[in-house]
Amino acid sequence: MATTPTTPAKKSTKATTAKQSTQPQESAAPATPLAQLPQLRIYNTETHEEEPFVPLGFPVKMYVCGLTPKNEPHLGHARLFAVNDTVRRYLEYRGYKTRYIQNFTDIDDKIIAAGLREGIAPSLAARRYTESYFRDMGRINVQPADEFTYVTEFIPQIIEVVQGLIDKGHAYVVEGGDVFFSVPSFPAYGRLSGRDEDAMLVGARIEPDERKHDPRDFALWKSAKPGEPWWESPWGRGRPGWHIECSTMVLKTLGEQIDIHGGGSDLIFPHHENEIAQSESYTDKVPFVRYWLHTGMLSLPTKSEAAASESEQQKMAHSGEFITIRSVLASGEIPAPALRAYLLGQHYRANLVYSEEQLRATVKRWRAWAETRATALRLREWAAQRLADTQDEAAPQANGKGRGRKRAGAENPSLACGERENTLRQQLATARTDFIAAMDDDFNTSLALSALDELAHRINDYTSGIGETPTPATVKALDDAVATLDELANAIGIELVDSEAAGKTLDDATRAQIEALIAQREEARARRDWSEADRIRKALNDEYRVTLKDTPQGAVWSVREE
RNA sequence: GGUGACGUGGCCAAGUGGUUAAGGCGAGGGUCUGCAAAACCCUUAUUCGGCGGUUCGAAUCCGCCCGUCACCUCCA
């Protein structure tokens with residue numbers, strides 16, 4: 001109960017951005033003074049506990065280790081970036097400005113291999129799969145980073161940082177032109193992953209390189225082997241080691257210290273441990289990162305239920321077998337927003353075993369939210385029209401203003417006072433409060449989704465009880481309901497419209513045919529000719545994939561994806 | 001072997017010291033409907049891997065045991 005959930009600072013929408021001289025502008029100051037921002041709590045891998053989120057300043061600086069574009073992005077990637085996108089969106093929803101950077105490791109052994117595999121230049125392979133990344137992430141509503149950084153575009157900066165580390169005695173050049181970071185020069189090494197020196201030496205599968213002064217030392221710069229891409233450097237032709245590119249890109253885009261660093265939990269060691277060593281050694285600023293935010297792995301279930309006890313789950317990238325985002329969405333049975341909801345259905349830090357059954361369950365869940373929204377919108381239009389008609393009737397003899405409205409109220413005092421609307425209003429507020437409380441607690445998206453369930457149920461209660469005579473309060477209530485639903489869903493990036501399906505608009509001729517059939521069916525129903533009505537409904541279903549619903553306000557139809 | 005995490009209903013998953021253990025899917029019953037669809041209502045864990053302990057009180061804290069997962073492999 002630490003926070004009083006104030007009305008969240010909403011992102012200014014396009015409509016309102018035109019003139020906002022009263023609001024302090026984005027630059028440095030947040031919309032709300034720092035001290036007044038709500039207390040968000042974030043689990044920090046480094047301390048192993050949830051901590052109050054206190055950013056260094058504004059905007060909140062966030063960096064996420066991106067991917068090596070060597071293949072089609074899979075569901076593990078989808079989860080990682082959906083989670084970090086959700087963090088970013090939610091921070092914005094809570095009134096924080098953010099600056100979000102994400103990299104592509106576009107040169108690496110695996111990329112060289114991908115190029116060979118496909119008979120194209122490594123750079124072309126990298127570009128191809130970078131495009132796949134944007135395509136797929138766009139579909140699950142992951143917003144592009146404020147800036148994407150590419151290793152191949154940071155070579156000079158990387159060389160600069162490597163040289164700096166050498167100059168400060170944290171790195172050394174060996175014969176052959178490789179440069180290693182000296183782990184013993186950084187006493188705090190191991191603080192993120194909780195490993196001490198012995199632990200790293202005893203069981204570790206480190207292949208000792210005789211040129212290393214210490215077995216834990218790692219490469220900052222690797223000399224080029226024949227046929228490999230290379231760049232000139234003070235130490236000869238070569239390319240950056242792993243790790244150093246992230247330290248460099250953070251430094252050059254966000255500065256010496258940042259608020260949030262995200263990535264998969266598999267990167268804790270050695271990648272992030274090494275990043276800390278490099279960055280803090282170079283800048284002498286501690287800590288390099290305020291909050292380490294690691295997302296759990298997504299793995300595939302065992303193939304054979306029989307051998308289920310044998311523990312056969314395999315992390316996607318490890319098993320060599322993975323499910324791509326594209327393949328999941330290909331059939332059209334899984335709306336992209338529902339996939340995102342599935343990926344957010346479990347806490348981000350937990351490992352998630354992929355389950356098609358649960359994914360399909362989430363599709364139903366998401367469809368229910370979408371249905372709630374669509375119904376509320378439909379009734380809103382109906383109610384508004386109804387009111388307008390009433391007013392028109394009243395207008396002639398009364399010569400105008402407010403007559404119709406007044407009359408409706410006078411005839412239906414119970415509706416006019418809006419008891420149901422007041423109840424709904426409270427329920428909307430409760431849903432928002434629950435949602436925010438859940439998300440404030442280390443981004444508990446699972447709980448947040450249940451707040452959406454509850455919200456949808458309460459809205460359904462309201463819409464199913466709307467009578468024949470709507471009032472202005474009805475319209476207002478429906479507007480508020482849709483706005484709240486959109487507000488909360490958007491805060492975590494879940495769209496409530498399947499924009500891909502909606503995009504496939506029917507041509508006018510087909511639409512006209514469908515509507516003609518529906519009109520025929522309405523006539524048949526009026527005649528109580530049920531067999532004819534059913535025949536038409538079946539025809540619509542079979543031939544046009546149209547699902548028909550008879551509502552008190554008339555027939556409603558939609559086209560199914562398949 | 002070392003490091004970190006976890007084990008909650010048929011499936012998934014919140015909750016981590018205190019009135020009735022969220023939510024989704026599934027299942028059963030009902031309301032509405034000409035029939036559907038959708039929606040709504042009710043039911044579905046005396047119990048939180050096992051055994052001990054701390055406590056007035058534990059799924060929640062401690063110990064042991066059993067089981068699972070991730071990392072120590074330039075894999076997100």
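Just so it is clear: chains get the letters A, B, ... in the order the sequence lines come, proteins before strands, and each one is counted from 1. Just so it is clear, the model here is predicted, and its values are computed rather than measured.
In this structure, A/E357 places its CD atom 16 Å from P of B/G24, rounding to the nearest Å. Here B/A13 presents its C1' atom at 17 Å from OH of A/Y348, a figure rounded to the nearest Å. Between A/D442 atom CG and B/U16 atom C1' the separation is 14 Å, expressed in whole Å. Here the P atom of nucleotide B/A13 and the CZ atom of A/F443 are 21 Å apart, to the nearest Å. Between A/N103 atom CG and B/A76 atom P there is a gap of 10 Å when expressed in whole angstrom units. As a whole-Å value, the separation of A/L298 CG from B/C12 C1' is 14 Å.
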(request) Apply the test salt bridge (Lys or Arg N to Asp or Glu O under 4.0 Å) to residues A/R89 and A/D85: give CA-CA distance (whole Å), side-chain angles for both, the deciding distance (0.1 Å), then the verdict. (result) CA-CA 6 Å; A/R89 284 176 185 269; A/D85 181 62; 2.8 Å; yes
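Among A/L80, A/L75, A/N351, A/V353, the one residue that satisfies the side-chain contact (heavy atoms from CB on, under 4.5 Å) test with A/L298 is A/L75. Only one option out of A/I42, A/I276, A/T47 pairs with A/W292 in a side-chain contact (heavy atoms from CB on, under 4.5 Å); it is A/I276.
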Output one line per pair: protein atom, nucleotide atom from nucleotides 59-62 of chain B, and distance, for all N/O pairs under 3.5 Å.
none

(request) Produce a footprint string for nucleotides 28-44 of chain B: one letter per nucleotide, 5' end first; B if the base is under 4.0 Å from any protein heavy atom, S if only the sugar-phosphate is, - if neither. (result) ------BBBBSSSS---
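For A/R41, the side chain to side chain contact (heavy atoms under 4.5 Å, CB included) partners are A/E50, A/P52, not counting sequence neighbours. Not counting sequence neighbours, A/Y100 has no partner by the ring pair (Phe, Tyr, Trp, His ring centres under 6.0 Å) test. By the side-chain hydrogen bond (donor to acceptor under 3.5 Å, both in side chains) test, A/E147 is found to be paired with A/R99, residues two or more places apart in sequence or in another chain being considered. With sequence neighbours left out, the ring pair (Phe, Tyr, Trp, His ring centres under 6.0 Å) criterion links A/F218 to A/F181, A/H243.
Between A/K70 and B/A76 there is a side-chain polar atom (N or O) within less than 4.0 angstrom of OP1 or OP2. Residue A/N351 has no polar side-chain atom (N or O) positioned under 4.0 Å from OP1 or OP2 of B/C6.
For A/F134 and A/F104, the distance between ring centers is under 6.0 angstrom.
A/S327 places no side-chain N or O within 3.5 Å of a backbone atom of A/I323 that could act as its donor or acceptor partner.
One donor-acceptor pair, N or O on each side, does fall under 3.5 Å between the base of B/G24 and the side chain of A/Q358.
As judged by a 4.0 angstrom heavy-atom cut-off over every strand, A/L267 is placed among residues touching the sugar-phosphate backbone only. Residue contacts shown for A/H347 are limited to sugar-phosphate atoms, with no base heavy atom under 4.0 Å away.
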